[in-house]
Amino acid sequence: MKLLVTAGPTREPLDPVRFLSNRSSGKMGYAVAAVAKARGHEVILISGPVSIEPPDVQVIQVTTAEQMLEAVDKNVEWCDALVMAAAVADWRPAVISNRKIKKAEAAPVIHLEQTPDILKRVLSKKGKKLYVGFAAETENLEEEATRKLHGKGLDLIVANDVSASDAGFEVDNNRAILLDRSGASEALPLMPKKQVAAHILDWIEEHAAFVM
Ligand code: CTP
């Protein structure tokens, strides 16, 4: 199979030295890419700025949500499955200063605007491809994940509670629930992200057969 995987955060610049971003380390998406490659799949990994070593696959480096959208849009037709593990920033400064904002100036008011929702923007290209999303939540985990599963037209969503300190952002382990569009769900215990990735790949391999 051909897998297009996104990983890491995006960075939304405010001025030449500052940006808005989030705590994503890229570990979950990199694990999906590595496990997929080890299973013999073809992988393109679109990555935001992270400090971990990429697996031995084609990597497209991006910084902003807009650049990630462009890279996903350009490559999505190639793939059989899109795995959106990236923590895309939802907001960006509406105005980017082309010079450093100085401390001596009055405290700046930063107006934000929404970034494009990448999954929604490529929904029209879905066809028989499998689309897998992630939901990082701090409350109402299953409810929010189910809303995103249907709202974004996904086949599978991987929900994780990022308020726990032993799982989720930055660490090597995750405690995820896999929810699919048929209503099936699988709650995984705390395990290394590579094992979570293996469960996601199992689901993709099993369901690809029906759509290909
Ligand atoms: N996502 C996306 N484009 C965005 C934001 C998120 O494609 N601009 C994708 C993420 O990669 C993830 C899924 O949508 O697979 C859910 O992301 P999440 O941040 O949990 O949800 P949001 O759509 O941002 O919704 P909310 O703000 O209500 O949590």
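Counting convention: from 1, in listed order, for ligands and their atoms alike.
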**Q** Is the Lys NZ or Arg CZ of R23 less than 6.0 Å from the centre of F169's six-membered ring, within 45° of the axis?
**A**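 Output no; distance or angle outside limits.
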**Q** Who passes side-chain contact (heavy atoms from CB on, under 4.5 Å) against H111, sequence neighbours left out?
**A**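 Partners of H111 under the side-chain contact (heavy atoms from CB on, under 4.5 Å) test: A94, V109.
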**Q** Identify, with sequence neighbours excluded, every residue that meets side-chain contact (heavy atoms from CB on, under 4.5 Å) alongside A187.
**A**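 Scan of A187 (side-chain contact (heavy atoms from CB on, under 4.5 Å), adjacent residues dropped) gives I177.
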**Q** List, by chain and then residue number, the residues other than I110 in its hydrophobic cluster (Ile/Leu/Val/Met/Phe/Trp/Tyr, side-chain heavy atoms under 4.5 Å); write none if there are no others.
**A**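 Under the 4.5 Å side-chain rule, I110 groups with L14, L20, W91, I101, L112.
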**Q** Ignoring hydrogens and angles, tell me if any N or O in the side chain of H41 forms a donor-acceptor pair with the backbone of A36 under 3.5 Å.
**A**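 Side chain of H41 to backbone of A36: no pair is present.
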**Q** Using only atom types and a distance under 3.5 Å, with no angle test, would you say the side chain of D180 pairs donor to acceptor with the backbone of A184?
**A**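 Looks like yes, one N/O pair under 3.5 Å.
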**Q** Within the protein, flag every N or O under 3.5 Å from an N or O of ligand 1, and note the pair and distance.
**A**
{"unit_1": "ligand 1", "atom_1": "3 (N)", "unit_2": "I118", "atom_2": "N", "d": "2.9"}
{"unit_1": "ligand 1", "atom_1": "7 (O)", "unit_2": "I118", "atom_2": "N", "d": "3.3"}
{"unit_1": "ligand 1", "atom_1": "7 (O)", "unit_2": "L119", "atom_2": "N", "d": "2.9"}
{"unit_1": "ligand 1", "atom_1": "8 (N)", "unit_2": "P116", "atom_2": "O", "d": "2.8"}
{"unit_1": "ligand 1", "atom_1": "11 (O)", "unit_2": "M84", "atom_2": "O", "d": "3.3"}
{"unit_1": "ligand 1", "atom_1": "11 (O)", "unit_2": "A86", "atom_2": "O", "d": "2.8"}
{"unit_1": "ligand 1", "atom_1": "14 (O)", "unit_2": "K152", "atom_2": "NZ", "d": "3.0"}
{"unit_1": "ligand 1", "atom_1": "15 (O)", "unit_2": "M84", "atom_2": "O", "d": "2.8"}
{"unit_1": "ligand 1", "atom_1": "15 (O)", "unit_2": "F134", "atom_2": "N", "d": "2.9"}
{"unit_1": "ligand 1", "atom_1": "15 (O)", "unit_2": "F134", "atom_2": "O", "d": "3.4"}
{"unit_1": "ligand 1", "atom_1": "20 (O)", "unit_2": "K148", "atom_2": "NZ", "d": "2.7"}
{"unit_1": "ligand 1", "atom_1": "21 (O)", "unit_2": "K148", "atom_2": "NZ", "d": "3.0"}
{"unit_1": "ligand 1", "atom_1": "23 (O)", "unit_2": "K152", "atom_2": "NZ", "d": "2.6"}
{"unit_1": "ligand 1", "atom_1": "24 (O)", "unit_2": "D90", "atom_2": "OD1", "d": "2.9"}
{"unit_1": "ligand 1", "atom_1": "24 (O)", "unit_2": "D90", "atom_2": "OD2", "d": "2.9"}
{"unit_1": "ligand 1", "atom_1": "27 (O)", "unit_2": "D90", "atom_2": "OD2", "d": "3.4"}
{"unit_1": "ligand 1", "atom_1": "28 (O)", "unit_2": "R147", "atom_2": "NH2", "d": "3.2"}
{"unit_1": "ligand 1", "atom_1": "29 (O)", "unit_2": "K148", "atom_2": "NZ", "d": "2.8"}

